[in-house]
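What follows is a single structure, written as structure tokens, with notes after it.
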Protein chains: 2
Amino acid sequence: MFCQSYNEFFQVLANPTNQTIINSLLKKPQNVSEIAESTKLEQSKVSHSLKRLYECKIVHVKRSGKQRVYSLNKETIVPILEIVDKHAQKMCPHCLKIEGSQRVHTNVLK
Amino acid sequence: MFCQSYNEFFQVLANPTNQTIINSLLKKPQNVSEIAESTKLEQSKVSHSLKRLYECKIVHVKRSGKQRVYSLNKETIVPILEIVDKHAQKMCPHCLKIEGSQRVHTNVLK
DNA sequence: AAAACATATGAAACAGTATTCATTTATCAT
DNA sequence: ATGATAAATGAATACTGTTTCATATGTTTT
């Protein structure tokens, strides 16, 4: 039900699938089917990821009929992404150019 | 030589051994032997961890004779730890109480 | 209450990462 | 140059987390 430690929190942030979902939720809150659609990920995979994201309170949930609408906990996540992005730009501009990396793009943050 | 993406960065932060080393470097810069001593971790394990931490530029290195002195990139790491700590206190006070978790303790940050 | 839809869950298979241990490289002192 | 110390590296093993697939749960509609 809860994340047990800091490393669990970072572990969840490190997972590419979770990052893809975070990226998508940066745009707008979405229910599970919408997330699966927008990210091209399989439904059960999305559910498993959302479970972990929720345990760490990286996302919030709101029931709406049979749907569940997930939204990003921007208060915590956006500042962290901004710090990491600044870090990458300064310390490792190289890694910003890697193709196909699943990283979160800053432009979404602005 | 470099970290390839955001998920690598978070992955490195998520690892308990790396967290232990980060914790120790919060106190003061140390060479490899000192880190191994202060953390009770084996030398090669420490070296492997430091390699990953350095690739992500979470630590800096400075040669000093046969020693290598590692120091924490506080500019990036301290703000992230502060955000996560605030997050945990607010969203998941429970997880701050878990015994034996390898998490970074905030009091060191202040 | 049955059918249809949305999401969650469990467990096995699989993949990726960390640890360990033996060895190597590098630097310093003699 | 040799021996001693400090740290890094490679590769095999062990470990842990992720994906997948089948199925279960829950809600709404008829």
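Numbers restart at 1 for each chain; the letters A, B, ... are given by sequence-line order, proteins then strands.
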Atom-to-atom span, [atom1] of [X] to [atom2] of [N] - whole angstrom:
| X | N | atom1 | atom2 | answer |
| --- | --- | --- | --- | --- |
| A:Glu42 | D:dT23 | CD | C1' | 13 Å |
| B:Asn7 | D:dG17 | CG | P | 16 Å |
| B:Leu53 | D:dA7 | CG | C1' | 15 Å |
| A:Gln19 | D:dT18 | CD | P | 12 Å |
| B:Glu37 | D:dA6 | CD | C1' | 15 Å |
| B:Asn18 | C:dA18 | CG | P | 7 Å |
| B:Asn15 | C:dT17 | CG | P | 11 Å |

Quiz item: Is there a donor-acceptor contact under 3.5 Å from the side chain of B:Asn7 to the main chain of A:Pro16?
Solution: no
Quiz item: Taking the side chain from A:Glu34 and the backbone from A:Asn31, do they hold a donor-acceptor pair closer than 3.5 Å?
Solution: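 Yes; at least one donor-acceptor contact below 3.5 Å.
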Do the side chains of [Y] and [X] get nearer than 4.5 Å, heavy atoms only?
| X | Y | value |
| --- | --- | --- |
| B:Lys86 | A:Glu75 | no |
| B:Ile35 | B:Leu41 | no |
| A:Thr39 | A:Thr17 | no |

Between protein and nucleic acid, restricted to nucleotides 5-12 of chain C and to nitrogen or oxygen atoms under 3.5 Å apart, what atom pairs and distances do you find?
from: C:dT7; atom 1: OP1; to: A:Val32; atom 2: N; distance (Å): 3.3
from: C:dT7; atom 1: OP1; to: A:Arg68; atom 2: N; distance (Å): 3.3
from: C:dT7; atom 1: OP2; to: A:Ser33; atom 2: N; distance (Å): 2.8
from: C:dT7; atom 1: OP2; to: A:Ser33; atom 2: OG; distance (Å): 2.1
from: C:dA8; atom 1: OP1; to: A:Tyr70; atom 2: OH; distance (Å): 2.5
from: C:dA8; atom 1: OP2; to: A:Ser47; atom 2: OG; distance (Å): 2.8
from: C:dA8; atom 1: N7; to: A:Gln43; atom 2: NE2; distance (Å): 2.8
from: C:dA8; atom 1: N6; to: A:Gln43; atom 2: OE1; distance (Å): 3.4
from: C:dG10; atom 1: O6; to: A:His48; atom 2: NE2; distance (Å): 2.6

Quiz prompt | Whether A:Phe9 and B:His87 hold their rings parallel, tilted or perpendicular, with breakpoints at 30° and 60° | solution =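 The arrangement is tilted - the two ring planes meet at 30° to 60°.
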Quiz item: Want to settle it: does A:Arg52 or A:Arg63 sit nearer the 5' end of DNA chain D, counting the closest nucleotide to each?
Solution: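 Upstream on the strand: A:Arg52.
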